[in-house]
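Take a look at the structure below.
A note on names: the letters A, B, ... follow the listed sequences, proteins ahead of strands, and every chain is numbered from 1. Only heavy atoms go into these numbers, but all of them, side chains included; no hydrogens, no water, no symmetry mates.
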2 protein chains.
Amino acid sequence: MINRNSPATIDDVARHAGVSISTVSRVLNRNVPVSEEVVAKVEEAMRALRYTPRAAARNLATSRTNTLGLLLAEIVGDFFSPLLSGIESVAAQHGYDLLISTAGRRGPQNQLPGPFHKHNADGLLIFAGSLSDDGVRDTHSLGVPMVLLHQTPPDGLPVPCVTIENKAATRAIVEHLIVSHKRRRIVFLTGEPNNEDGSWREMGYREALTHHNIPIEPALIAPGHFDRHIAQTSIEQLLRDGIEFDGVFAGDDEAAVGVYAALRNAHLKIPDDVSVVGFDDQSLARVLQPALTTVHVPIDQVGIEATRRLMQLIQNEPTEVLTLLPTTLVIRASCGCPE
Amino acid sequence: MINRNSPATIDDVARHAGVSISTVSRVLNRNVPVSEEVVAKVEEAMRALRYTPRAAARNLATSRTNTLGLLLAEIVGDFFSPLLSGIESVAAQHGYDLLISTAGRRGPQNQLPGPFHKHNADGLLIFAGSLSDDGVRDTHSLGVPMVLLHQTPPDGLPVPCVTIENKAATRAIVEHLIVSHKRRRIVFLTGEPNNEDGSWREMGYREALTHHNIPIEPALIAPGHFDRHIAQTSIEQLLRDGIEFDGVFAGDDEAAVGVYAALRNAHLKIPDDVSVVGFDDQSLARVLQPALTTVHVPIDQVGIEATRRLMQLIQNEPTEVLTLLPTTLVIRASCGCPE
DNA sequence: CTGTTAGCGCCTTCAT
DNA sequence: ATGAAGGCGCTAACAG
């Protein structure tokens with residue numbers, strides 16, 4: 001027998017088992033009846049030759065890749081692990097692999113990155129901030145199944161979107177500050193300019209204030225960008241400017257860390273002098289002292305739901321256009337409630 | 001012109017541009033000189049037809065996939081983002097895609113998961129706890145380029161390994177407790193039984209004590225498993241058992257969170273009553289009160305170095321067998337030093 | 001510099 | 001239930 005150094009192919013297996021390659025293909029795919037006896041022979045041959053089918057060949061023949069693409073702005077933050085974990089679990093469950101790529105710090109791109117250019121993935125998961133509206137339109141017009149995460153599709157493009165309930169939760173947590181803790185001058189730290197989550201949260205904030213006849217004061221709205229340093233700087237600036245406030249909606253938990261630092265440096269007590277609340281319920285929310293009152297976000301569910309939608313799309317099943325995952329208030333101590 | 005609904009192929013482009021498919025292939029790959037004029041024509045045709053090469057076809061033809069596989073035990077924890085971020089940046093830089101898969105909670109597997117079964121990836125990044133020694137041996141014997149992260153290869157298999165300096169750093173931080181803060185009864189919280197990082201840290205702990213003539217007391221060694229709840233339970237148990245201690249090496253920062261909680265519940269002051277130190281320097285180390293003294297681990301560098309090694313392997317260049325990344329002591333307040 | 005022609009390894013009708 | 005043969009789209013010699 002000739003010892004080819006390259007890995008075994010379906011031909012080698014067929015020869016070794018004394019059958020045709022079609023038969024081998026059939027036991028590989030189990031989609032057509034094959035006699036017990038032959039199956040055994042073929043499997044034995046596969047084992048002996050350490051055979052393993054070449055993905056590229058099947059992909060070419062079937063024009064499916066069994067691969068999902070995940071496109072992100074960048075790989076950072078506490079939310080990333082649970083999100084990816086959720087995505088991976090559903091993908092694996094359906095027999096799909098996961099390809100990952102980032103748009104990088106250049107911001108949303110108009111084009112898909114090379115890896116995902118059609119045919120490398122059967123479907124795409126697009127996270128907010130990675131692909132511009134033009135990019136989404138373009139990709140969609142190519143007929144690539146895709147779902148958007150934390151990002152609304154442009155115009156009325158029927159691209160499924162999975163995101164979380166931001167507005168109502170923000171309104172609820174801000175109203176908690178107003179009603180339960182008698183706060184009236186509440187700072188709102190924004191997300192980055194084009195961040196949809198941030199925009200919705202700001203609407204919730206405004207609604208809460210308006211509903212309680214508290215005027216919206218522009219001076220109390222400052223940048224937080226979901227970043228602890230930016231948040232800290234903003235609070236320090238407010239303090240320096242002598243702007244009074246008795247509550248802070250930090251935008252997210254990360255930013256709350258910066259708020260804590262700024263307040264501590266100014267010898268202001270949380271929650272006695274200032275109530276502070278976050279958003280996300282990251283693992284550090286429980287670690288902060290006092291424990292942070294925040295909004296719980298089921299980020300792993302976002303990944304799970306988005307991937308399910310994508311699978312439905314790939315299988316040409318109907319699916320929801322908008323999936324809004326519920327968020328819940330988590331009362332801890334930083335608002336003023338007893339722990 | 002016939003309107004085929006399927007995406008354009010290289011043939012379509014060739015016909016549209018009035019050249020042969022080889023020419024199209026050449027402008028695609030830019031490896032052979034092609035006249036300016038023809039390049040322009042071809043590119044114009046590609047644009048007009050919205051052509052995008054099918055990855056499967058090139059893979060099959062070149063028997064390379066330009067894909068790297070990353071195998072993890074599971075997707076959790078603070079260290080995951082920076083690790084993946086490092087990997088992705090280097091991979092992208094070399095034009096490689098990243099395929100991700102997990103072994104799941106079933107622990108180290110003896111087989112590669114389907115996705116990575118040879119030919120789906122040109123190289124593999126194997127993270128500790130995802131593939132057993134047998135699995136590593138088997139995969140290596142198949143000739144698949146691979147590098148291990150935080151895991152030593154079995155026997156003397158020449159599989160490159162990238163990990164961090166655990167022992168010396170642990171010894172240094174424990175000695176800091178002994179020398180600078182006069183601690184003598186220092187608790188050591190272990191990692192999971194087969195965790196190599198944990199084992200090295202324990203050796204460092206033992207060296208530190210031995211070097212200062214402090215007897216190793218088994219009662220002071222308890223499970224921490226890099227988990228805040230397990231760590232908390234262990235400390236509570238020690239307290240309940242009336243075992244005295246004046247210092248705690250938590251194993252990692254996550255576990256330190258549990259230690260803080262247990263101590264706080266017992267009304268013990270950090271660092272006055274007990275010095276506490278962690279390992280990893282995760283973002284929450286700075287958030288804890290008092291700020292956690294710990295060991296900084298360049299986890300993104302682990303990803304970067306490992307991927308570089310893998311690229312070298314793939315290109316048949318020589319590479320280091322063992323890469324030990326340096327860790328550094330980060331003194332904050334939980335050991336007793338002024339902040 | 002450009003065209004022609006074999007494959008790459010597998011799936012999938014179509015026969016049998 | 002099994003075999004034979006064409007084709008998936010692209011690259012890589014090989015000619016010219």
Side-chain angles (χ1 to χ4, degrees), chain A residues 4-43 45-46 49-67 95 114 117-122 142, chain B residues 4-43 45-46 49-67 95 114 117-122 142:
Chain A
R4 308 191 358 216
N5 224 343
S6 42
T9 73
I10 199 172
D11 290 279
D12 301 324
V13 176
R15 209 170 309 127
H16 188 107
V19 299
S20 74
I21 61 169
S22 343
T23 301
V24 176
S25 177
R26 284 174 191 123
V27 352
L28 228 37
N29 298 305
R30 303 310 194 132
N31 42 7
V32 171
V34 182
S35 75
E36 287 295 336
E37 173 190 29
V38 174
V39 169
K41 261 198 314 193
V42 172
E43 287 185 334
M46 298 201 294
L49 269 42
R50 309 191 69 178
Y51 170 70
T52 158
R54 221 93 0 144
R58 341 175 66 144
N59 295 348
L60 185 56
T62 59
S63 66
R64 304 200 311 93
T65 60
N66 278 300
T67 296
H117 229 140
K118 205 173 180 179
H119 311 298
N120 276 290
D122 295 339
L142 246 34
Chain B
R4 307 188 3 213
N5 225 342
S6 43
T9 72
I10 198 171
D11 290 279
D12 301 323
V13 176
R15 208 169 311 127
H16 188 107
V19 298
S20 73
I21 60 168
S22 351
T23 300
V24 176
S25 176
R26 284 174 192 123
V27 352
L28 228 38
N29 298 305
R30 302 309 195 138
N31 43 6
V32 172
V34 181
S35 75
E36 287 295 336
E37 174 191 27
V38 173
V39 169
K41 261 199 313 194
V42 172
E43 289 185 333
M46 300 201 293
L49 270 42
R50 306 192 71 178
Y51 169 70
T52 159
R54 222 92 0 146
R58 336 176 66 146
N59 294 348
L60 184 56
T62 58
S63 67
R64 304 197 314 90
T65 61
N66 279 300
T67 296
H117 228 142
K118 204 172 181 179
H119 311 297
N120 277 290
D122 296 339
L142 245 34

Specify the separation, in whole Å, of atom [atom1] of [X] and atom [atom2] of [N].
| X | N | atom1 | atom2 | answer |
| --- | --- | --- | --- | --- |
| B:R30 | C:dC1 | CZ | C1' | 14 Å |
| B:I21 | C:dG7 | CD1 | C1' | 12 Å |
| B:R58 | D:dC8 | CZ | P | 18 Å |
| A:R54 | C:dG9 | CZ | P | 6 Å |
| B:E37 | C:dT2 | CD | C1' | 12 Å |
| A:R64 | D:dC8 | CZ | P | 18 Å |
| B:R26 | D:dT11 | CZ | C1' | 10 Å |
| A:I10 | C:dC11 | CD1 | P | 5 Å |

Let me check the geometry of the helix from C:dC1-D:dG16 to C:dT16-D:dA1. What is the bend angle between the axes at its two ends, five pairs each, to 10°? 30°
Are [X] and [Y] side-chain neighbours, meaning at least one heavy-atom pair lies under 4.5 Å?
| X | Y | value |
| --- | --- | --- |
| A:T67 | A:N120 | no |
| A:R30 | A:V39 | yes |
| A:R58 | A:N29 | yes |
| A:L28 | A:M46 | yes |

Please classify the nucleic acid contact of [X] as base, sugar-phosphate, or nothing, using heavy-atom distances under 4.0 Å.
| X | value |
| --- | --- |
| A:V24 | nothing |
| A:N59 | nothing |
| A:S25 | base |

Candidate nucleotides [options], ranked by approach to the side chain of [X] - the nearest:
| X | options | answer |
| --- | --- | --- |
| A:V19 | C:dT2, D:dT11, D:dG3 | D:dG3 |
| B:T23 | C:dT2, D:dT2, C:dC11 | C:dT2 |
| A:S35 | C:dT12, D:dA12, D:dT2 | D:dT2 |

Should B:T62 be listed as having a side-chain N or O under 4.0 Å from OP1 or OP2 of D:dC10?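 For D:dC10, OP1/OP2 do not have a side-chain N/O of B:T62 under 4.0 Å.
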Under 4.0 Å from OP1 or OP2 of D:dG3: is there any side-chain N or O of A:S20 that close?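 For D:dG3, OP1/OP2 do have a side-chain N/O of A:S20 under 4.0 Å.
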[X] to [Y] - nearest heavy-atom pair and separation:
| X | Y | result |
| --- | --- | --- |
| A:D12 | A:P7 | OD2-O, 4.2 Å |
| B:I10 | B:Y51 | N-CE1, 3.6 Å |
| B:R64 | B:N59 | O-OD1, 3.0 Å |
| B:A17 | B:V42 | CB-CA, 4.0 Å |

Nearest nucleotide by nearest heavy atom, which residue falls closer to the 5' end of DNA chain C, B:V34 or B:L60?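 Final value for this comparison: B:V34.
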Below 3.5 Å, does any donor atom in the side chain of B:S22 face an acceptor in the base of C:dT4, or the other way round?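 Between C:dT4 and B:S22, which were checked side chain against base, a qualifying N/O pair under 3.5 Å is present.
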